Amino acid sequence: MPEEDLVELKFRLYDGTDIGPIRYSSASTVSMLKERIIADWPKDKKVIPKAANDVKLISAGKILENNKTVGHCKAPFGELPGGVITMHVVVQPSLAKSKTEKKVEDSPRKTICSCSIL
């Protein structure tokens, strides 16, 4: 693989620690990056993503779509010779899990309304 096709990325986690830097091909997709992040995730963290859909990658202030390639993501940084691109990682559990858990928590509660007339 030619040296120009490689992009050096590091991933900043919520607590300020990093995964990487690691070199990726410009043809690698964001989905592939997410899988690698999950595989390299530190085991001592409180928040651990379970699937690639639980991870959001942010680069240059934009949330990256799974079908985009690293080549698309590096466009604003194309002028940096040999620089490492830092992407921020946000762990956000999928909505289906959150709604199910919320319903279970809310079901024992009963809404009681009390009014006072003076």
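Note that the structure is a prediction, hence the values are computed from the model and not measured. All residue numbers refer to positions in the sequence shown, counting from 1.
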Starting from Ile48, can I reach Val89 by hopping between I/L/V/M/F/W/Y residues whose side chains sit under 4.5 Å apart?
yes

So, using side chain to side chain contact (heavy atoms under 4.5 Å, CB included) as the criterion, who are the partners of Ile38 when residues are at least two apart?
Pro49, Ala52, Val55

So how far is it from Met87 CE to Ile19 CD1, rounded to the nearest 0.5 Å?
13.0 Å

Going by heavy atoms in the side chains, are Val84 and Leu9 under 4.5 Å from each other?
no

Any residue meeting side chain to side chain contact (heavy atoms under 4.5 Å, CB included) with Ser28, in chain and number order, not counting sequence neighbours
Tyr24, Ser25, Met32, Val70

Non-hydrogen side-chain atoms of Asp40 and Ile22 separated by less than 4.5 Å
yes

Could you tell me which residues satisfy salt bridge (charged side-chain N to carboxylate O under 4.0 Å, His left out) with Lys45, sequence neighbours excluded, listed by chain and number?
Asp15

Within this structure, what is the CG-CD distance for the pair Asp54 and Gln92, rounded to the nearest 0.5 Å?
9.0 Å

What's the spacing between Asn53 CG and Asn66 CG if we round to 0.5 Å?
6.5 Å

Salt bridge (charged side-chain N to carboxylate O under 4.0 Å, His left out) against Asp44, all qualifying residues, sequence neighbours excluded:
none

Are there more than 12 heavy atoms of other residues, nucleotides or ligands under 6.0 Å from atom CD1 of Ile58?
yes

Take Leu64 and Leu33, measure what side-chain contact (heavy atoms from CB on, under 4.5 Å) needs, and give me the verdict at the end.
CA-CA 11 Å; Leu64 304 179; Leu33 298 179; 5.7 Å; no

Restricting to salt bridge (charged side-chain N to carboxylate O under 4.0 Å, His left out), what partner residues turn up for Asp18, sequence neighbours left out?
Lys10, Arg12

Is a donor on one side and an acceptor on the other found under 3.5 Å between the side chain of Trp41 and the backbone of Val47?
yes

Asn67 meets the side chain to side chain donor-acceptor pair (under 3.5 Å) criterion, sequence neighbours left out, with none

Between the OG1 atom in Thr17 and the CZ atom in Phe11, the distance rounded to the nearest 0.5 Å is 13.0 Å

